[in-house]
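Before we start, here is the structure in question, set down as structure tokens.
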Number of protein chains: 2
Amino acid sequence: MSAVDRRKQVLDAASKSFALFGYKATTMEQVAKIANVGKGTIYTFFTNKDELFDEILLSAIMEMKRLAEQELRSDRDFFDNLYRVLDALLEFRSEHELFIKLSQEVRDIGTPKAHEGLTKVENGIVGYLQGIVEQAKSTGEIKPLDAQVVSFVMLKLYVALTTDFNQLHKPLSKEQIKEYMMVFLADGLKASS
Amino acid sequence: MSAVDRRKQVLDAASKSFALFGYKATTMEQVAKIANVGKGTIYTFFTNKDELFDEILLSAIMEMKRLAEQELRSDRDFFDNLYRVLDALLEFRSEHELFIKLSQEVRDIGTPKAHEGLTKVENGIVGYLQGIVEQAKSTGEIKPLDAQVVSFVMLKLYVALTTDFNQLHKPLSKEQIKEYMMVFLADGLKASS
DNA sequence: AACTGACCAAAATACAATTATGGTCATTCG
DNA sequence: CGAATGACCATAATTGTATTTTGGTCAGTT
């Protein structure tokens, strides 16, 4: 059994445990047991619990990028691509066991590391969007504004419509969400005169 | 000393105490002492601590409405009015001792009642905006969309630009914020061809 | 040389004792 | 006589302490 296999064993075990129990309730012993490995072995691959967690988040972020990439179609315009990418990313985020568990953990006991992790994922998304926005800027499809601000707002807007809003009201349908996204991002509220 | 005066004494004392110490650290005895009344007297005007708190929040919300009203100018268009109203409201919210203290309290110890209170204020703002949006809808200045969703997004957008964004980056200037607000709300990102 | 698990200091938890607080009401005061 | 009061009480919050758990190490095993 090669070193690479063991590393993967640990990584898989940790993935499962973090997704199942969250950051805090995942113990290194637990991970070792699931991975069928001595606890010391984990430390030959990862310097500590944090780094192990980071590595798992990083691979989740890369997975998200892969998914987003799939949604990009050169035969569609920027806004259509944007909507499908955002949708894929947010759907992935809201269905992935790990993120669900981490969100609960933040809400219920406020584990700082869990919060940090979710922020890191969010930044990953914004960073990815930023690239798309930059490109749309260079092709002249959108106004020449700061791509960081624009992509940040995009994410916030999407989260506001999909998550924040239905904390207080009836959730919006996918079609409604798409409509509002397009209104605010593409054309604005102003009545076309 | 009339009953009305005593009620106001209590209200003023409670205002001071909530703003100075937050919800949790404000005790009824404390309020009584500041108001120069016996503790029992408080309960002749308010059934409990919660209701006392509610009354204070309500008066803050009404004060905000008053401020917003001042900003409305019939010689300006909807978007200009909107920006100035939002600005006044958010500035008030971010400078009012009570709200600063409650925000800290939520962040540091997560007092549910403090969180609830801030949400109530936020809902007050959205409710107020809703009225303005309805009116702009009826005059045909903006597209005929659900006013509740639109005003909710407006607040979220403003908070994203003024508060959320500078948790991670350099704060935006007032001019930049205004520019971005107008882009997303009025005309959208799409390059004017 | 790779791997392991007993071991340790430090952190988290559980529990008990103590204190503080919201709310009441018999008594006082104007 | 009715409005005002503060001692009083049940319960919630806090503090202090004993106990357990956990991240990380490293001498020894495979």
Side-chain angles (χ1 to χ4, degrees), chain A residues 1-18 20-57 101-102 105-106 108-117, chain B residues 1-18 20-57 101 104-106 108-117:
Chain A
M1 190 165 283
S2 76
V4 178
D5 282 335
R6 297 217 137 195
R7 193 186 141 92
K8 185 166 161 23
Q9 259 178 304
V10 171
L11 224 35
D12 288 348
S15 275
K16 270 182 203 149
S17 184
F18 282 128
L20 213 51
F21 308 112
Y23 180 86
K24 195 181 172 198
T26 287
T27 70
M28 296 304 262
E29 210 143 315
Q30 172 91 278
V31 172
K33 188 171 287 178
I34 298 174
N36 267 103
V37 145
K39 189 159 61 148
T41 305
I42 299 176
Y43 290 90
T44 63
F45 301 116
F46 306 95
T47 61
N48 54 37
K49 189 179 174 180
D50 278 15
E51 207 185 74
L52 178 56
F53 186 55
D54 273 1
E55 183 104 4
I56 284 163
L57 285 178
K101 191 73 206 174
L102 292 179
E105 196 176 347
V106 169
D108 297 344
I109 55 171
T111 315
K113 276 285 177 325
H115 184 263
E116 216 172 275
Chain B
M1 190 166 282
S2 77
V4 178
D5 283 333
R6 297 214 141 204
R7 194 187 139 91
K8 187 167 161 23
Q9 260 178 303
V10 170
L11 224 35
D12 288 350
S15 275
K16 270 182 201 148
S17 185
F18 283 128
L20 212 51
F21 307 112
Y23 180 86
K24 195 181 172 199
T26 287
T27 71
M28 296 304 261
E29 210 144 316
Q30 171 91 277
V31 172
K33 188 171 289 177
I34 299 176
N36 267 102
V37 296
K39 188 161 60 150
T41 304
I42 299 177
Y43 290 90
T44 64
F45 301 116
F46 307 95
T47 61
N48 54 36
K49 188 178 174 181
D50 279 14
E51 208 186 73
L52 179 56
F53 186 54
D54 273 1
E55 183 105 4
I56 283 161
L57 285 177
K101 192 71 206 176
Q104 283 173 3
E105 197 175 346
V106 170
D108 297 344
I109 55 171
T111 315
K113 276 285 177 322
H115 184 263
E116 217 172 272

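Within every chain, numbering begins at 1; the chains are lettered A, B, ... in the order of the sequence lines, protein sequences first and strands thereafter. This structure is a prediction, so every number in the text was calculated from the model and none was measured.
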Within the sub-3.5 Å range, which N or O atoms of nucleotides 25-30 of chain D have a protein N or O partner, and how far apart are they?
none

- Using whole Å, report how far CG of B/L52 lies from C1' of C/dG22. 12 Å
- Between C/dG30 (P) and B/R6 (CZ): distance, integer Å: 11 Å
- Distance, rounded to the nearest Å, where A/I42 contributes CD1 and D/dT22 contributes P: 14 Å
- Message: Tell me the interatomic distance from A/E51, atom CD, to D/dG23, atom P, rounded to whole angstroms.
- Response: 16 Å
- Item | Nearest to side-chain heavy atoms of B/M28, which nucleotide of C/dT13, C/dT4, C/dG22 | C/dG22
- B/T26: partners by side chain to side chain donor-acceptor pair (under 3.5 Å), with sequence neighbours left out: B/S17
- Task: For B/K49 and D/dT11, give me the distance from atom NZ to atom P, rounded to whole Å.
- Result: 19 Å
- Return the value, rounded to whole Å, for the distance between atom CZ of B/F46 and atom C1' of C/dG22. 16 Å
Residues 39-48 of chain A side chain polar contacts: donor-acceptor under 3.5 Å, at least two apart:
unit_1 : atom_1 : unit_2 : atom_2 : d
A/T41  : OG1    : A/G38  : O      : 3.4
A/T44  : OG1    : A/T41  : O      : 2.5
A/T47  : OG1    : A/E51  : OE2    : 3.3
A/N48  : OD1    : A/D50  : N      : 3.2
A/N48  : OD1    : A/E51  : N      : 3.0

- side chain to side chain donor-acceptor pair (under 3.5 Å) partners for B/N36, two or more places apart: none
- Query: What class does the angle between the rings of A/F53 and A/Y23 fall in, given that below 30° is parallel, 30 to 60° is tilted and above 60° is perpendicular?
  - Reply: perpendicular
- Measure from CD on A/E29 to C1' on C/dT4 and round the result to the nearest Å. 12 Å
- Message: Quick check on D/dT14: is either OP1 or OP2 less than 4.0 Å from any side-chain nitrogen or oxygen of B/K24?
- Response: yes
- The side chain to side chain donor-acceptor pair (under 3.5 Å) partners of A/Q30 (sequence neighbours excluded) come to none
- Query: How many Å lie between NZ on A/K113 and P on C/dA11, as a whole number?
  - Reply: 13 Å
- Minimum heavy-atom distance A/L57-A/G117, with the two atoms named: CD1-CA, 3.4 Å
- Message: How about CD on A/E29, more than 12 heavy atoms from neighbouring residues, nucleotides or ligands closer than 6.0 Å, or not?
- Response: no
- Item | Test side chain to side chain contact (heavy atoms under 4.5 Å, CB included) applied to A/I109 - qualifying residues, sequence neighbours left out | A/K24, A/E105, A/T111
- Message: Considering every strand and a 4.0 Å limit on heavy-atom distances, what is the contact class for A/K33: base, sugar-phosphate, or nothing?
- Response: nothing
- Query: Looking at five pairs on each end of the helix from C/dA1-D/dT30 to C/dG30-D/dC1, what is the angle between the two axes, given to 10 degrees?
  - Reply: 20°
- Item | side chain to side chain donor-acceptor pair (under 3.5 Å) partners of A/D12, counting only residues at least two apart | A/K8
